[in-house]
Amino acid sequence: MEETTGKTIMGREQERRSALMITCLLGVLLFFMAFYSTYHLLAEVEESDLTVHLDWVKEQDKWSMLTALLSGRERLWHACVWLLNRLGVSMVYAGCLVTAGAIEAVYIIYNVLFRGMLQWLDQRLIPFASLTLCLVSAIYMPWYTTKIYRGQDSPNAWHNPTQIMVRAFALIAFWMTVRIYRRLREGGGWPTRAFESKREIAAYAFVLMLTVWAKPCFVQAFIPGLAILMIVDLIRSRGKAFLFCFKVACAYIPAAVLLLVNLLTNFGSDSASGIEIAFLDVWLHSTNSIPISFLLLFAFPLFVFIVDWRRLLSSVEGQLSLSNLAVAVVMKAALAETGKRRYHGNLSWSYGLAAVFVWFLAMRSFLDLMFGNRLTGRKYTVVAVVGWTLLAMHLLTGIIYYIKIVSGEILF
């Protein structure tokens, strides 16, 4: 028995070391890919989102950068690039390092979350799942559209630095919210204590503020999405959940104030543009069929949600991700900017970010279905064949998307 236990411990230690090595190797690969694509868009493409944002960095000094952050502007990427440049790194390489670092941070967060949620899973599979999530995109059908990204969106937008920057902080904020909100759902009765300490409140509020400084698209959809869950629980508890929900809502005040200032600055009476209701106008400008484009982006997650709907819909993270996606879809479908930026799709970024959470949950559930002994026989075979096929199609498209980006093709 002791010999068998010893072998088991040795096997687990070997698995852990192999997993760490694979994680590092794939992490280096992803960092190189991110660095190279950013360098290409900054140094070899005359005008891209990255070059535009880099030009903004060149125009900033420390005071204007601070003013921009205090007014809720999405200047976190710019501030990091500016700081690296002041430390002696050339502007282009500073942009590459910050962008690649932000993408690498998302990969690391995926690894950490998977290890915490799927402790029984072979740890060597986790870095591959994490890398896959960093590469997948909407399924490419050239007979339907010549654009991989435009019209479909993607959880991995390689070309926009602020969208890249916000993802890591948004993932942290999302899972902090899940942990906090579980206390209401899993506690006895309807608890009034939302936070374990003042330190947790401060950390939560600060991460939410970081998401606004990176890009306001997260809180724009997430606050209404969380409010939907709170209203449901207030009704279910007949008001007993009020104190809990009120305390959580208070943590959002700093981020909400920043968001409000940002909206007034960008879309106020003194700005060159505003926001109006124009149902499907902007969305239909970039796609011939909204349902098909939606399906191309969410084919794999939709399949997993259909197969595992009971578990996903009963979980806080499942409900939160779907409510966030619902709000993002409404924003993308109903709102439009006025002025020359009308069809730039700036009110659609919440939709692409919502896809990040949905995709992560789908991947977690799929790994559980495939390796957690939850399915057997014919049902397992069907789910495996369809699931792996859809995932492979999304991954292949993501690789093609990357190749097209670095080969100079305009995809947006």
Side-chain angles (χ1 to χ4, degrees), residues 31 34-106 157-170 172-173 202-203 205-220 253-275 337 339-341 344 346-347 349 353:
F31 187 89
F35 189 96
Y36 181 75
S37 65
T38 306
Y39 181 83
H40 168 76
L41 290 171
L42 282 176
E44 299 175 8
V45 176
E46 290 186 3
E47 185 174 353
S48 68
D49 277 12
L50 277 156
T51 55
V52 170
H53 283 272
L54 195 67
D55 288 340
W56 292 354
V57 177
K58 295 174 182 177
E59 298 171 358
Q60 303 289 317
D61 58 31
K62 60 182 179 181
W63 299 116
S64 60
M65 194 73 74
L66 179 61
T67 301
L69 288 172
L70 292 175
S71 62
R73 295 291 186 92
E74 48 190 72
R75 292 292 187 268
L76 190 58
W77 182 87
H78 309 77
C80 292
V81 173
W82 181 88
L83 181 59
L84 277 181
N85 180 248
R86 292 302 180 275
L87 293 175
V89 182
S90 71
M91 193 67 78
V92 169
Y93 283 115
C96 294
L97 287 171
V98 173
T99 307
I103 292 174
E104 189 73 11
V106 172
W158 293 92
H159 66 281
N160 188 273
T162 52
Q163 182 75 351
I164 290 170
M165 195 73 179
V166 74
R167 285 188 303 163
F169 300 112
I172 294 171
F206 183 66
V207 170
L208 291 169
M209 291 172 66
L210 285 173
T211 66
V212 179
W213 285 326
K215 198 177 187 74
C217 62
F218 172 70
V219 293
Q220 285 173 357
I253 291 176
V257 170
L258 282 176
L259 176 62
L260 180 60
V261 174
N262 175 278
L263 292 175
L264 291 175
T265 303
N266 287 329
F267 303 107
S269 58
D270 296 331
S271 65
S273 63
I275 300 177
E337 281 187 271
K340 62 181 181 179
R341 300 192 304 176
H344 287 192
N346 290 322
L347 297 174
W349 289 114
L353 191 58

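For L70, the side chain to side chain contact (heavy atoms under 4.5 Å, CB included) test picks out L66, with sequence neighbours left out. In this structure, the side-chain hydrogen bond (donor to acceptor under 3.5 Å, both in side chains) partners of R167, at least two apart in sequence or on a different chain, are N156. Contacts of V57 classified as side chain to side chain contact (heavy atoms under 4.5 Å, CB included), with partners at least two apart in sequence or in another chain: W77, H78, V81, W82, M91. For L210, the side chain to side chain contact (heavy atoms under 4.5 Å, CB included) test picks out L76, F169, F206, W213, with sequence neighbours left out. Applying the side-chain hydrogen bond (donor to acceptor under 3.5 Å, both in side chains) test to S71 and every residue at least two apart in sequence or in another chain returns nothing. Residues meeting the side-chain hydrogen bond (donor to acceptor under 3.5 Å, both in side chains) test with N85, sequence neighbours left out: none. Among residues two or more places apart in sequence or in another chain, the salt bridge (Lys or Arg N to Asp or Glu O under 4.0 Å) test is passed with K58 by D55. With sequence neighbours excluded, the residues satisfying side chain to side chain contact (heavy atoms under 4.5 Å, CB included) with L42 are T38, L50, T51, L54, V92, C96. Checked against side-chain hydrogen bond (donor to acceptor under 3.5 Å, both in side chains), N346 has the following partners two or more places apart in sequence or in another chain: E337.
Here NZ of K62 is found 12.0 Å from CG of L83. Values are rounded to the nearest 0.5 Å. The CG atom of L69 sits 8.5 Å away from the CZ atom of R75 when rounded to the nearest 0.5 Å. To the nearest 0.5 Å, atom CG of residue L353 and atom NZ of residue K215 are 10.0 Å apart. A distance of 9.0 Å separates CD in E59 from OG in S64, rounded to the nearest 0.5 Å. Summarising the geometry, atom CD1 belonging to I253 is positioned 12.5 Å from atom CG belonging to L260; distances are rounded to the nearest 0.5 Å. Atom CG of L347 sits about 9.0 Å away from atom CZ of R341, to the nearest 0.5 Å.
The shortest non-hydrogen separation linking T211 to A170 is CG2-N, 3.9 Å. Residues A255 and V212 come closest through the heavy atom pair O-CG2, 3.8 Å. Of all heavy-atom pairs spanning A105 and A168, the tightest one is CB-CB, 4.0 Å. Residues A34 and I103 share a closest heavy-atom pair of CB-CD1, 3.6 Å. Nearest heavy atoms, L259 versus P216: CD1-CB, 3.7 Å.
Summarising the local packing, CZ of F31 is surrounded by more than 12 heavy atoms from other residues, nucleotides or ligands at distances under 6.0 Å.
Side-chain contact between M165 and C80 is present, with heavy atoms from C-beta onward closer than 4.5 Å. Within the 4.5 Å cutoff, the side chain of L208 has no heavy atoms near those of the P254 side chain. T99 places none of its side-chain heavy atoms less than 4.5 Å from the side chain of F35. Contact annotation: the side chain of Q163 never approaches that of D49 to less than 4.5 Å [non-hydrogen atoms, C-beta and beyond].
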Side chain to side chain contact (heavy atoms under 4.5 Å, CB included) between R73 and V261, intermediate numbers included: CA-CA 9 Å; R73 295 291 186 92; V261 174; over 6 Å; no

Full working for side chain to side chain contact (heavy atoms under 4.5 Å, CB included) between S37 and H159: CA-CA 8 Å; S37 65; H159 66 281; over 6 Å; no

Derivation and outcome, side chain to side chain contact (heavy atoms under 4.5 Å, CB included), residues W349 and F218: CA-CA 8 Å; W349 289 114; F218 172 70; over 6 Å; no

